[in-house]
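Just below is one structure, and these are the notes that go with it.
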There are 2 protein chains.
Amino acid sequence: MGLREEKKQATRTALSWAAIRLIVARGYEKVLVEDIAAEVGVSPRTFNNYFGSKAEAVAFRHLDRCERMAEALRARPAGEPLWESIEHVMLETFKPGPEVTAHPRPDREAWAAGLHRMLAVPALQAEYLRAGAMAEAALAEAVGDRTGTDAATNIYPQLVAATMVAAQNVASRNFMAGSDTMRTLLVEALHQITKGLPPPA
Amino acid sequence: MGLREEKKQATRTALSWAAIRLIVARGYEKVLVEDIAAEVGVSPRTFNNYFGSKAEAVAFRHLDRCERMAEALRARPAGEPLWESIEHVMLETFKPGPEVTAHPRPDREAWAAGLHRMLAVPALQAEYLRAGAMAEAALAEAVGDRTGTDAATNIYPQLVAATMVAAQNVASRNFMAGSDTMRTLLVEALHQITKGLPPPA
DNA sequence: GAGAAAACTGCGGGCCACGCATCTTTGCGT
DNA sequence: ACGCAAAGATGCGTGGCCCGCAGTTTTCTC
């Protein structure tokens, strides 16, 4: 497909991004679907042609990121050990992008605060988790292809995918609460998982 | 508090159970909050005093089950290795209860089919995942107490809890899709996880 | 350039979630 | 046993979300 599908993706991304920006600034319940649609220049009705709910629009970026991890995993060199590939891909995925580093300090703190408030909304938490769960399917297939296991019948690739998402969730939760870097948290989490999560001492 | 709180829990449980029964029978969108409230003998307004949404009411039983796992984990003998305790508790939790085995075959199949349709509803998937995530906190604390790690500052117990929930999700998904027993799936999943999820061969 | 397919839009309705005010029940102290 | 204060249950009203439907506009294909 060509220009048509491209426009659609652009609109979808714009809607998701607009939703996030507005909600981070104003708060979830103080942003109406109408506002988001207006920001992008579409009718409110069209918003619901793209997303089944306000929450889904917000979580779309997260879903997209997770699904890209699956692609990135397939792109790793064939000989590389699985967990090295996984670590590389996850670290790459959560490397702070230009939309973060480009802003000056005060902006970034306000953003972090707003983001934190946003992710405290139950409906959003639920939708973020669902996005992760949906991406698990693609992740599992990628892992399956890499390890010669069938994601449909074998639980191994499913477990690996589920564990990746779980590690990511734990890492981001601790990242927002504490002062560690996302990289540190992810590396440590993956390390412990590949060791089989033995009790300390 | 005594009798008062007890009545509340009873009503809450009754509402959740009624929601599940009706939705399994009729489908999510064909059951109104009004119906659930009527089934229990409460006003529709009261329903929303107990649950913030229809989906939350449905997922409540799941949340309760997951939280009980944390309690059960604390109740295991002190000397038992952590992962043995976890396996024991999870197997016990997902042992088919009397509400399943008491029904004759045709009923049980209809129930399974209805349950499958119910869990296909996006809003419900999201809420189930959120319930699991909420229980992770209690689980992590229980693991922390058992291993002498602080769930607030150390990611180890959090990772264990998150992994437990992930294993459970993968197991139940495969249980509903295939013909394996929940026990088999859980044992296999926990085995692979404690081995560090090494790629096969 | 014309027809077909697909997307956007406006309208309308059903339902849900919740704030508020009121009434009823429960627990407790005397 | 009685009554008071706290907490729960209820009714009403409102704002907002989500979606079906039908009509219009845009885009793809030939």
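Note on naming: letters A, B, ... go to the chains in the order of the sequence lines (proteins, then strands), and numbering restarts at 1 for each one.
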Checklist entry - Can R183(A) be said to sit on top of F94(A)'s aromatic six-ring, NZ or CZ under 6.0 Å from centre and within 45° of the ring axis? => result no
Next on the checklist: Taking 4.0 Å as the cut-off, does a side-chain nitrogen or oxygen of S43(A) come that near to OP1 or OP2 on dT9(C)?
Outcome noted: yes
Checklist entry - Starting at CZ of F47(B) and ending at C1' of dC15(C), how long is that distance when rounded to a whole Å? => result 13 Å
Next on the checklist: Heavy atoms from C-beta onward define the side chain here; which of dC17(D), dG8(D), dA17(C) lies closest to that of K8(B)?
Outcome noted: dG8(D)
Checklist entry - What's the shortest heavy-atom distance between L186(A) and A167(A), and which atoms? => result CD2-O, 4.4 Å
Checklist entry - In whole angstrom, what separates Q9(A)'s CD from dA7(C)'s P? => result 11 Å
Item to check | Pair V160(A)-I86(A), side-chain contact (heavy atoms from CB on, under 4.5 Å): steps then yes or no | outcome: CA-CA 10 Å; V160(A) 173; I86(A) 288 175; 3.7 Å; yes
Checklist entry - Which residue, N169(A), L124(A), V165(A), forms the side chain to side chain contact (heavy atoms under 4.5 Å, CB included) with L129(A)? => result N169(A)
Next on the checklist: Test of understanding: with side-chain contact (heavy atoms from CB on, under 4.5 Å), list the residues that count as partners of D145(B), not counting sequence neighbours.
Outcome noted: R74(B)
Next on the checklist: Salt bridge or not between R173(A) and E136(B)? Use side-chain N to carboxylate O under 4.0 Å.
Outcome noted: yes
Item to check | Reference residue D35(B); test salt bridge (Lys or Arg N to Asp or Glu O under 4.0 Å); the match among K30(B), R26(B), K54(B), R21(B) | outcome: R26(B)
Next on the checklist: Closest-nucleotide mapping onto DNA chain D: is N48(A) or T11(B) further toward the 5' terminus? I mean the 5' end.
Outcome noted: T11(B)
Checklist entry - How many Å lie between CG on N49(B) and P on dC16(C), as a whole number? => result 16 Å
Checklist outcome for this item: When rounded to whole Å, the CG to P distance for the pair L32(A) and dG15(D) reads 12 Å
Checklist entry - Between dC18(C) atom C1' and E56(B) atom CD, what is the distance in whole Å? => result 14 Å
Item to check | Distance-only donor-acceptor test, R45(B) side-chain atoms vs dG19(C) base atoms, 3.5 Å | outcome: yes
Checklist entry - Could you give the OH-to-C1' distance, from Y28(B) to dC19(D), as a whole number of Å? => result 15 Å
Might you list the N or O atoms of the protein lying below 3.5 Å from N or O atoms in nucleotides 25-27 of chain C, with each pair's distance?
unit_1	atom_1	unit_2	atom_2	d
dT26(C)	O2	R4(B)	NH1	3.3
dG27(C)	OP1	R4(B)	N	2.6

Next on the checklist: Tell me the bend of the helix from dG1(C)-dC30(D) to dT30(C)-dA1(D) as the angle between end helix axes, each from five pairs, rounded to the nearest 10 degrees.
Outcome noted: 30°
Checklist entry - Would you say Y50(B) reaches dG8(D)'s phosphate, i.e. side-chain N/O to OP1/OP2 under 4.0 Å? => result no
Checklist entry - Over how many whole Å does the gap from L15(B) atom CG to dT10(D) atom P extend? => result 10 Å
Item to check | Member of L82(A), I193(A), T194(A) meeting the side chain to side chain contact (heavy atoms under 4.5 Å, CB included) criterion with L197(B) | outcome: I193(A)
Checklist entry - Taking atom P of dG14(C) as reference, at what distance in whole Å does atom CG of D35(B) sit? => result 15 Å
Checklist entry - Looking at A57(A) and F47(A), what are the two nearest heavy atoms and their distance? => result CB-CZ, 3.6 Å
